[in-house]
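Computation of the quantities below employed the complete heavy-atom set of this structure, encompassing side-chain atoms and omitting hydrogens, waters and symmetry-equivalent molecules. Fair warning: this is a prediction, and the values are worked out from it, not measured in the lab.
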Amino acid sequence: MKKTKILISTILLGLFFITACDKDFEELNKNPNDATEVSSGLITADVVRNLGNSLYSTFWGGDMGSCWSQQWAKVNYEEEARYKPRESVIEGTIWKRLYEDVISDAHIMEQLAIAEGNSNMQGVALVMQAYTYSILTETFGMIPFSEAMQSAEGNFTPVYDSQQDVYNGIFAMLDKADGLFSATGGTITAASDILYGGDYTGWQKFANTLKFRLKMRISHKVDVSTDLQDILDNKSVFTSNSDEAKLIYLSAAPNANPIYESLVLGARFEYKVNKVLVDMLVNLNDPRLAVYAEKNGDGEYRGKPSGIDNVPSTDWNYENVSAVGDLYTQPETPAIFMSYSEFMFLKAEAALKGYITGNAQTFYENGVAASFTTNEISSSYAAYITQATVATATLQNVAEQNWLGLYCQGIESWTEWRRTGYPVLVIAIEAVEPEIPSRLSYPEIELSVNKTSCEAAISAQGGDNLTTKFWWLK
């Protein structure tokens with residue numbers, strides 16, 4: 001009995017001390033360096049880098065983008081180059097990363113900025129969402145847009161919007177962003193803003209120039225003339241290479257350019273230049289050849305045709321096909337979201353088609369000059385532009401010079417080729433599809449977790465094949 005009383009007293013005393021120690025436990029043990037609230041500005045770097053890493057991943061921007069636009073070719077592991085993409089890349093590198101790691105975080109950034117009363121950061125968040133939605137719809141066609149980002153409201157099966165509605169929604173985002181940017185609109189955290197270093201005017205130019213690009217995407221489906229002219233007359237847009245939206249990578253992994261990390265650090269030497277690219281540059285006497293490609297083992301510039309199942313072979317191997325040029329395999333080579341040269345070529349096309357006023361020839365020449373500046377060969381421009389093969393701003397010359405200027409911007413070069421049809425490309429050798437892909441099929445997980453909505457989109461779009469034509473391709 002005595003031992004029992006002692007035991008009970010000991011337990012009660014212990015409970016007293018436990019209760020006493022628990023009082024204000026959370027307050028006393030709070031880490032003063034662990035922020036409970038995140039500033040909207042601190043999210044920018046992750047959003048931008050995740051987007052850049054996805055677009056410049058060799059598994060997407062290389063295997064599908066640059067290979068399908070026939071700027072690159074491969075001498076091994078050529079399944080994607082023969083139009084057999086990996087489901088893991090479609091789901092993980094593209095769909096999941098863009099929705100979860102870019103759009104979702106940018107949406108959170110937007111909500112935080114609204115709560116902070118920071119209109120400039122709200123504008124940044126809208127531009128990043130608009131840009132990423134444009135990449136998704138240009139990759140798949142119909143996508144979740146109007147009901148995306150509604151999981152907090154319990155909507156885990158968003159509808160897929162028509163591509164025209166997606167573009168209209170994107171334009172609304174960009175217009176809203178343009179109106180939010182101002183000198184009194186709040187601070188953009190410079191250290192986290194790895195595109196424009198905290199300069200709201202750079203983001204505003206990006207928003208409006210991006211809108212011009214996307215209006216041109218749909219220009220043969222919708223009359224965009226008034227909108228394009230309004231952008232040029234009344235909005236801030238790119239005026240030089242210094243305005244470009246580009247992410248300058250750092251010198252070491254994991255923050256280096258993904259092409260460098262794959263081709264150099266990862267020793268993925270199977271990535272080479274395409275015969276179409278080399279032949280065009282040779283025929284144009286184009287000095288960018290020495291920038292875009294390295295000489296092969298025989299001291300020559302030699303590209304490989306797209307496709308071919310049995311490689312490496314005597315004809316096509318690691319030694320006798322030219323590698324991607326050194327300028328594009330450096331750790332700090334930027335990920336370009338939109339360039340000044342592309343904008344100039346789009347203006348030249350718009351002027352030739354009568355969508356806008358202005359001198360198409362001047363716009364065209366400015367585009368070529370901007371590309372030469374990017375490739376560090378400005379001194380060669382004057383002699384090049386006077387050649388009969390490139391001198392005149394025709395629709396074909398404009399489109400082909402834009403394609404050349406988009407070298408190593410794999411997804412954009414593929415998209416612009418799909419839109420313009422230039423350069424004229426032939427199907428890959430031993431391809432597993434009847435033509436060069438027009439889109440990617442939806443990730444298999446969507447047919448599992450969002451089956452009804454996804455199947456409705458497939459039906460409305462006319463199929464879910466790589467060769468299915470979405471709205472602005474029809």
Is T333 close to I259 at the side-chain level, that is, under 4.5 Å between some pair of heavy atoms? no
Please check this pair: side chain of W414 against backbone of R439, looking for a donor-acceptor N/O pair closer than 3.5 Å. no
Contact summary for P144 and P158, nearest pair of heavy atoms: CB-CG, 3.9 Å
How about NZ on K221, more than 12 heavy atoms from neighbouring residues, nucleotides or ligands closer than 6.0 Å, or not? yes
Would you kindly say whether D199 and T201 are connected by a side-chain donor-acceptor distance under 3.5 Å? yes
Compile the donor-acceptor pairs under 3.5 Å between side chains in residues 105-112 and protein atoms, sequence neighbours left out, one pair per line.
residue, atom, partner, partner atom, Å
E110, OE1, Q129, NE2, 3.0

Y160 and D165: side chain donor to acceptor below 3.5 Å: no
Geometric cation-pi criterion, K474 with F470: 6.0 Å, 45°: no
Specify whether F337 and F206 have parallel, tilted or perpendicular ring planes, treating 30° as the upper limit for parallel and 60° as the lower limit for perpendicular. parallel
Keeping N450 on the side-chain end and E446 on the backbone end, is there a donor-acceptor pair under 3.5 Å? no
Around atom NZ of K353, are there more than 12 heavy atoms from other residues, nucleotides or ligands closer than 6.0 Å? yes
Is there a donor-acceptor pair under 3.5 Å between the side chain of S119 and the backbone N or O of L180? yes
Looking only at the side chains, is there a donor atom on one of T374 and N241 sitting less than 3.5 Å from an acceptor on the other? yes
When every non-hydrogen atom of C408 is compared with those of S66, the smallest separation belongs to CA-OG, 4.2 Å
Side-chain contact test, heavy atoms from C-beta onward, threshold under 4.5 Å: evaluate it for Y292 versus V273 and give yes or no. no
Keeping T392 on the side-chain end and T394 on the backbone end, is there a donor-acceptor pair under 3.5 Å? no
F363/F345 aromatic ring centres below 6.0 Å: no
Contact check, side chains of M142 and Y442, non-hydrogen atoms, under 4.5 Å: yes
Charged N-O contact under 4.0 Å between E78 and K304: no
Between N234 and D230: side-chain donor-acceptor atoms closer than 3.5 Å: yes
Looking only at the side chains, is there a donor atom on one of S371 and S341 sitting less than 3.5 Å from an acceptor on the other? no
Check K211 with D227, please: is the shortest side-chain N to carboxylate O separation under 4.0 Å? no
Of all heavy-atom pairs linking S438 and L473, the shortest is O-CD1, 3.6 Å
Would you check if P434 and T467 make a side-chain contact, meaning some heavy-atom pair closer than 4.5 Å? yes
In terms of side-chain heavy atoms, does D193 have a donor or acceptor partner in Y200 at a distance below 3.5 Å? no
Check: I103 and L136 side chains under 4.5 Å, non-hydrogen atoms: yes
Does CG in L395 sit with more than 12 non-hydrogen atoms of other residues, nucleotides or ligands closer than 6.0 Å? yes
Looking at side-chain heavy atoms only, is the closest gap between V432 and K84 below 4.5 Å? yes
We want to know whether S40 and E116 form a side-chain donor-acceptor pair, criterion being a heavy-atom distance below 3.5 angstrom. yes
Looking only at side-chain N and O atoms, does N274 offer a donor or acceptor that is under 3.5 Å from a partner on S306? yes
Any donor-acceptor pair under 3.5 Å linking the side chain of T187 with the backbone of T189? no
Hits for salt bridge (Lys or Arg N to Asp or Glu O under 4.0 Å) against D286, two or more places apart or cross-chain, chain-then-number order -> R288
Donor on one side chain, acceptor on other, D233 and Q229, under 3.5 Å: yes
Keeping E332 on the side-chain end and N257 on the backbone end, is there a donor-acceptor pair under 3.5 Å? no
For residues I143 and V166, determine if any side-chain heavy atom of one lies less than 4.5 Å from a side-chain heavy atom of the other. yes
Distance only, no hydrogens: is a donor on one side chain within 3.5 Å (strictly under) of an acceptor on the other, for S146 and D161? yes
Checking side-chain polar atoms at under 3.5 Å, does Q204 have a donor or acceptor matched by the opposite partner on D178? yes
Test: side chain to side chain donor-acceptor pair (under 3.5 Å). Region: residues 415-426. Which pairs qualify, not counting sequence neighbours? R217-E416, E349-R419, N402-E416, T415-R418, E416-R419
On the ring face of Y271, is K74 found with NZ or CZ under 6.0 Å from the centre and within 45° of the axis? yes
Pair T93, S54: side-chain N/O donor-acceptor within cut-off below 3.5 Å: no
Do you know the tightest heavy-atom contact between I385 and Y364? CD1-CE2, 4.2 Å
How about Y340 and F238: are their ring centroids closer than 6.0 Å? no
Indicate yes or no: at least one non-hydrogen side-chain atom of T139 is less than 4.5 angstrom from one of W60. yes
Do N375 and Y328 pass the side chain to side chain donor-acceptor pair (under 3.5 Å) test, and can you show the C-alpha distance, the side-chain angles, and the key distance before you say yes or no? CA-CA 9 Å; N375 288 287; Y328 288 88; 2.5 Å; yes
Say whether, by atom type as modelled, one donor and one acceptor occur between the side chain of S441 and the main chain of D464 under 3.5 angstrom. yes
Indicate whether any N or O donor in one side chain lies under 3.5 Å from an N or O acceptor in the other, for Y83 and W68. no
Pairwise distance CZ(R86) to CD(E91) - rounded to 0.5 angstrom: 14.5 Å
